[in-house]
There are 2 protein chains.
Amino acid sequence: MDRPNIPLNALRSFEVAARQGSFTNAAIELCVTQAAVSHQILRLEDQLGAKLFHRTSKGLLLTPEGEALLPVLTASLDRISSVLDRFTDGRYHETINVGVVTTFAVGWLAERLAKFEESHPGISIRLFTNNNRVDIAREGLDLAIRFGAGRWPGLTIQPLMETPLTPICAPSVASALKAPETLLSQKLLRSYRADEWPIWFKKAGMVSPYIEGPVYDSSVAMAELAAKGLGVALLPHAMFQAQLSEGRLVRPFDTEVTTGRYWITRLSNKEPTTAVAAFEAWICKAAL
Amino acid sequence: MDRPNIPLNALRSFEVAARQGSFTNAAIELCVTQAAVSHQILRLEDQLGAKLFHRTSKGLLLTPEGEALLPVLTASLDRISSVLDRFTDGRYHETINVGVVTTFAVGWLAERLAKFEESHPGISIRLFTNNNRVDIAREGLDLAIRFGAGRWPGLTIQPLMETPLTPICAPSVASALKAPETLLSQKLLRSYRADEWPIWFKKAGMVSPYIEGPVYDSSVAMAELAAKGLGVALLPHAMFQAQLSEGRLVRPFDTEVTTGRYWITRLSNKEPTTAVAAFEAWICKAAL
DNA sequence: ACTCTGCATAAGAAAAAATAATGCCAATGG
DNA sequence: CCATTGGCATTATTTTTTCTTATGCAGAGT
């Protein structure tokens with residue numbers, strides 16, 4: 001149907017009436033009289049040539065035609081309504097909530113975020129750092145950046161960069177490390193991903209030793225401990241570039257392994273807003 | 001913004017003007033005068049408290065606010081417009097185009113389709129049978145059912161049933177087949193998936209022989225040849241239940257292997273319509 | 001400077017939408 | 001069984017919104 005012929009106001013009345021199940025209540029929501037709603041809907045039904053409601057003695061019932069119409073209208077009006085809500089003081093402004101694994105936030109995103117906000121004046125980003133097992137829906141996030149193999153059912157994902165892991169430690173500790181075998185005498189810091197060290201040792205041509213000690217939740221924590229000379233951590237060196245070039249941390253070996261990558265994820269069943277799509281596009285481009 | 005306060009007609013004018021880049025042309029599309037459009041948009045800008053256009057001497061330019069508004073409106077109006085278009089002769093009717101691998105269409109879907117159409121009177125399904133390498137976008141399909149491991153970038157997928165493969169042949173051929181080794185003396189019919197027979201032989205505890213002969217594109221063709229006694233095919237027996245229970249085809253061995261499953265797929269970047277979503281939901285429930 | 005194109009403006013005309021009052025129907029309850 | 005009530009439809013009328021016509025005004029090109 002051509003734009004000029006779409007009876008928008010009548011469709012709005014229909015949507016409200018269908019949701020309310022009553023012309024009278026719809027009239028209240030629409031701030032008009034019941035007769036006005038009745039008129040609108042009668043006219044709409046006339047234009048479509050189809051009844052949209054069964055008027056029964058105990059309320060309204062949607063016909064199949066009404067049933068087909070309602071969800072599209074509700075969704076469209078909701079979306080329009082929410083863009084309009086983002087106008088305040090004559091400015092369009094949208095805030096999006098992004099969950100980020102701490103390592104990525106600190107090692108890559110934080111320092112680049114300003115650039116995005118600069119080029120997108122209408123969008124504010126609220127970062128929530130968390131571990132990898134974030135629940136987007138429960139925490140009310142629009143997007144989440146996490147590390148893994150890219151298998152999360154129900155999520156729409158896009159790849160960001162790969163981040164190979166390599167042993168990282170303090171310079172003082174590194175001086176004692178000649179060959180990979182010498183690692184066995186060091187305290188190895190490990191994450192909750194139990195297979196990372198074994199994979200690295202295999203690539204280095206060794207059998208993995210049994211690793212003891214606490215399991216850390218965050219690479220940032222492990223890096224901090226490593227910097228204090230309290231052990232050797234297996235970390236995505238790309239995320240610790242700053243400390244590596246400062247010399248606060250060093251890479252005793254070149255061997256690196258790739259066990260996954262970062263991804264940006266969102267709920268598949270929730271349409272991204274313009275701002276969410278813009279952020280997603282920006283980060284995909286910047287991080288690939 | 002509350003439903004009653006959404007200035008729908010003004011938003012429509014804005015959408016057209018923004019798309020056209022001109023009030024004058026928008027007026028033509030809207031079948032009104034230029035002054036009418038000007039009024040509408042001025043009023044909208046006033047209500048939002050924000051300019052939506054920069055009026056330059058060489059045409060209109062969207063402000064950031066206009067930029068934020070436009071895509072949502074265009075999408076919403078397009079969607080509404082297309083639901084309304086599906087009303088003809090006072091009935092809502094939607095046709096969806098579904099690509100289906102022939103095997104699945106013949107062996108499972110066709111006989112169940114009537115049930116869906118019965119319970120969804122406003123929806124017609126057009127089936128297009130094809131091989132597994134269908135291109136949804138190019139062929140203008142809304143959905144495609146295909147076999148595989150579930151890795152198709154750009155597609156949103158949902159799992160249907162698993163369909164283990166097992167050798168199938170005519171009863172006359174089966175009588176000569178005692179142990180798996182006896183298969184080696186038979187003509188083995190093969191699909192373009194070169195690894196299927198090897199995987200089956202491995203599970204049966206044998207080394208796969210070298211297989212000769214043409215590569216068939218469709219399990220249905222192979223089943224037909226097998227029924228004629230022209231060889232043994234490795235087929236998803238669930239799709240040939242009818243012929244198996246008729247005794248036209250038989251399963252000489254119990255050993256079966258699972259190399260993938262059926263999936264229902266659609267383009268991720270295209271919002272499913274109500275009917276597409278309904279069909280998807282129906283088939284997922286019916287086929288899992 | 002003149003003309004053309006395109007948006008803004010003002011006042012009146014037309015159209016659309018809303019209202020008030022009332023009708024109609026079915027269910028409910030003494 | 002009749003009165004009452006709740007809820008949608010109808011009609012005539014009023015109000016509001018929207019559109020039009022006519023004109024103004026600004027910038028760009030000739």
Side-chain angles (χ1 to χ4, degrees), chain A residues 1-63 65-66 69-70 73 77 84, chain B residues 1-63 65-66 69-70 73 77 84:
Chain A
M1 187 178 281
D2 291 342
R3 288 283 139 98
N5 300 322
I6 300 177
L8 290 170
N9 292 318
L11 289 169
R12 160 169 52 196
S13 296
F14 165 75
E15 194 269 344
V16 175
R19 258 195 301 113
Q20 296 274 0
S22 146
F23 287 11
T24 309
N25 292 335
I28 295 168
E29 177 171 337
L30 288 165
C31 308
V32 293
T33 58
Q34 171 268 124
V37 175
S38 173
H39 274 150
Q40 294 260 30
I41 288 173
L42 253 29
R43 200 159 48 74
L44 178 62
E45 291 182 321
D46 188 54
Q47 182 174 351
L48 293 177
K51 283 259 164 291
L52 296 171
F53 292 110
H54 294 298
R55 280 81 163 168
T56 77
S57 55
K58 50 188 65 186
L60 297 173
L61 223 77
L62 284 168
T63 61
E65 281 70 35
L69 216 44
L70 179 61
L73 292 176
L77 290 173
L84 295 178
Chain B
M1 189 177 278
D2 290 343
R3 287 285 139 97
N5 299 323
I6 301 176
L8 290 170
N9 292 317
L11 289 169
R12 159 169 53 196
S13 297
F14 165 74
E15 194 269 343
V16 175
R19 258 195 300 112
Q20 296 274 1
S22 145
F23 287 11
T24 310
N25 292 335
I28 296 168
E29 177 171 337
L30 288 166
C31 309
V32 293
T33 57
Q34 172 268 123
V37 176
S38 175
H39 273 152
Q40 294 259 31
I41 288 172
L42 253 30
R43 201 159 47 74
L44 178 62
E45 291 182 321
D46 188 53
Q47 181 174 351
L48 294 177
K51 284 258 163 292
L52 296 171
F53 291 111
H54 293 299
R55 280 81 162 166
T56 77
S57 55
K58 50 188 64 187
L60 297 173
L61 223 77
L62 284 168
T63 61
E65 281 71 35
L69 216 44
L70 179 62
L73 292 176
L77 290 173
L84 295 178

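Quick note on labels: first sequence line is chain A, next is B, and so on, each numbered from 1.
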Atom-pair distance ([atom1] on [X]; [atom2] on [N]), nearest Å:
X: Arg12(A); N: dA18(C); atom1: CZ; atom2: C1'; result: 14 Å
X: Leu61(B); N: dG6(C); atom1: CG; atom2: P; result: 16 Å
X: Phe23(A); N: dC25(C); atom1: CZ; atom2: P; result: 17 Å
X: Leu8(A); N: dT18(D); atom1: CG; atom2: P; result: 12 Å
X: Gln47(A); N: dA17(C); atom1: CD; atom2: P; result: 10 Å
X: Leu52(B); N: dA8(C); atom1: CG; atom2: C1'; result: 16 Å
X: Leu30(A); N: dC8(D); atom1: CG; atom2: P; result: 13 Å
X: Leu60(B); N: dG6(C); atom1: CG; atom2: P; result: 10 Å

Would you indicate, yes or no, if [N] has its OP1 or OP2 atom less than 4.0 angstrom from a side-chain nitrogen or oxygen of [X]?
X: Arg43(A); N: dA17(C); value: yes
X: Thr33(B); N: dT20(D); value: yes
X: Gln40(B); N: dC19(D); value: yes
X: Arg55(A); N: dA9(D); value: yes
X: Thr24(A); N: dG7(D); value: no
X: Ser57(B); N: dA28(D); value: yes

Taking [X] for the side chain and [Y] for the main chain, is one N or O donor matched with an acceptor at less than 3.5 Å?
X: Glu65(A); Y: Ala50(A); result: no
X: Ser13(A); Y: Ile41(A); result: no
X: Gln34(B); Y: Ile28(B); result: no

Need one value for Gln34(B): base, sugar-phosphate or nothing, where a base atom within 4.0 Å counts as base even if backbone is also close, heavy atoms only. base
* Asked: Hey, does Thr56(B) reach any base, or is it just sugar-phosphate, or nothing, if we go heavy atoms under 4.0 Å?
  -> nothing
CZ (Arg19(A)) and CG (Leu77(A)) are apart, to the nearest 0.5 Å, by 8.5 Å
Quick one: sort the Phe53(B) and Phe23(B) rings into parallel, tilted or perpendicular, breaks at 30° and 60°. perpendicular
Looking at the side chain of [X], which of [options] is the nearest nucleotide?
X: Val32(A); options: dA9(D), dA18(C), dA8(C); result: dA18(C)
X: Asn9(A); options: dA17(C), dT18(D), dA20(C); result: dA17(C)
X: Ala35(B); options: dC7(C), dT10(D), dT20(D); result: dT20(D)
X: His39(B); options: dC19(D), dA18(C), dC7(C); result: dC19(D)

